[in-house]
Participant: 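After the structure tokens below, expect a handful of questions from me.
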Amino acid sequence: MKLLIVEDETRLCQTVSKHLKAEGYAVDACHDGADALDYIAGTEYDAVILDIMLPGLDGISVLKTMRSRKVKTPVLLLTAKSTIEDKVAGLDSGADDYLTKPFSLEELSARIRVMIRRSGIERVDNMISVGPLTLDINRKIAVREGKEIPLTAKEFAILEYLMHNKGIVLSREKMMHHIWNYDYEGSSNIIDVYIRTLRGKIDADFSMKLIQTVRGLGYVIKDET
Ligand code: CA
């Protein structure tokens, strides 16, 4: 799952982004409103954490622009102010939730989980299924024919991305961008390494292979050949 954090206080931005990455999210970060709109136009995020007080274009204007462009991504506003008027203004502009600084990272995580859960139409009970394979988003495990399969944070992120795009071939580059940040400079061969371990976990013991290689293009997950 991919998040965008928009916060001009660099240290806070780094702390939040590190915390969310440790929880298994892919996180992009930017520091002003104009950049935020560029990121949102170029990538489909599962949620946006948006500071109100930003240099240039403020958070409320970013939010209003997103909503006027029919971007329905859930948005959590961050603010130093905590008056009822501010809260109402934020929610009226199309925010899904609101958090006043200073906040605990645990509360932020909990709010994000709730927000994503509420917005996830196809994520019934926070599960995604492809044929015999189910991914339990809350417990971060895969289940195949009753067998519970533990996953690392990165394996989970890759498998979730594939399952969310069932039947669609994803290139290594696209997967890299989704799972890591745009500034990740490693080789896209890392995707092959993760795919190999995922296959070992979810496909090796079964005759039907769900993760398929499309030569020259990338990988796809599907329950038919
Ligand atoms: Ca700020």
Side-chain angles (χ1 to χ4, degrees), residues 1-120 123 137-138 153-154 156-157 160-161 176-186:
M1 246 180 271
K2 186 150 188 144
L3 308 177
L4 175 68
I5 168 150
V6 189
E7 168 61 78
D8 59 315
E9 290 164 50
T10 326
R11 270 179 63 190
L12 177 63
C13 191
Q14 280 170 354
T15 308
V16 168
S17 144
K18 205 172 145 194
H19 171 76
L20 294 172
K21 281 180 197 168
E23 297 213 317
Y25 294 104
V27 183
D28 280 342
C30 66
H31 311 297
D32 67 65
D35 276 357
L37 287 175
D38 283 348
Y39 274 80
I40 291 159
T43 303
E44 204 173 308
Y45 293 100
D46 296 288
V48 176
I49 301 135
L50 181 61
D51 188 29
I52 291 184
M53 301 285 275
L54 293 168
L57 199 62
D58 67 78
I60 297 286
S61 306
V62 171
L63 178 57
K64 283 183 175 162
T65 307
M66 280 174 70
R67 296 305 184 229
S68 73
R69 292 176 184 169
K70 311 282 177 224
V71 176
K72 293 188 178 122
T73 311
V75 170
L76 173 78
L77 286 176
L78 297 180
T79 186
K81 298 188 273 181
S82 61
T83 66
I84 295 295
E85 289 77 11
D86 284 326
K87 187 168 178 171
V88 170
L91 296 174
D92 278 353
S93 309
D96 297 82
D97 205 353
Y98 201 96
L99 204 50
T100 306
K101 296 176 190 177
F103 52 84
S104 78
L105 293 171
E106 286 66 32
E107 180 169 15
L108 176 68
S109 302
R111 300 281 193 97
I112 293 170
R113 278 197 299 275
V114 169
M115 214 167 60
I116 292 175
R117 192 157 59 226
R118 268 197 310 233
S119 76
R123 289 196 183 93
I137 311 284
N138 291 339
K154 284 282 184 279
F156 173 84
E160 189 204 21
Y161 189 47
M176 287 274 294
H177 282 165
H178 183 83
I179 309 301
W180 283 273
N181 294 330
Y182 282 99
D183 56 7
Y184 182 78
E185 285 173 359

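Every number for a ligand or one of its atoms is a count from 1 in the order of the listing.
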Participant: Are the side chains of Ile112 and Tyr25 in touch, meaning some heavy atoms are under 4.5 Å apart?
Facilitator: yes
Participant: What heavy-atom pair brings Tyr45 and Thr73 nearest, and what distance separates the two atoms?
Facilitator: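 Smallest heavy-atom distance, with atoms named: O-CG2, 3.3 Å.
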Participant: In chain order, what residues pass the side-chain contact (heavy atoms from CB on, under 4.5 Å) check against Glu9, with sequence neighbours excluded?
Facilitator: Glu7, Leu12, Lys101
Participant: Tell me, please, which residues at least two apart from Asp97 pass salt bridge (Lys or Arg N to Asp or Glu O under 4.0 Å).
Facilitator: Arg111
Participant: Less than 3.0 Å away from the Ca ion (ligand 1), how many protein N/O/S atoms can be counted, ignoring water?
Facilitator: 3
Participant: Search all heavy atoms of Gly59 against all heavy atoms of Leu50 and return the closest pair with its distance.
Facilitator: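 For Gly59 versus Leu50, the nearest heavy atoms are O-CD2, 3.3 Å.
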Participant: List in chain and number order the residues that pass salt bridge (Lys or Arg N to Asp or Glu O under 4.0 Å) with Asp96, two or more places apart in sequence or in another chain; answer none if no residue qualifies.
Facilitator: Arg67
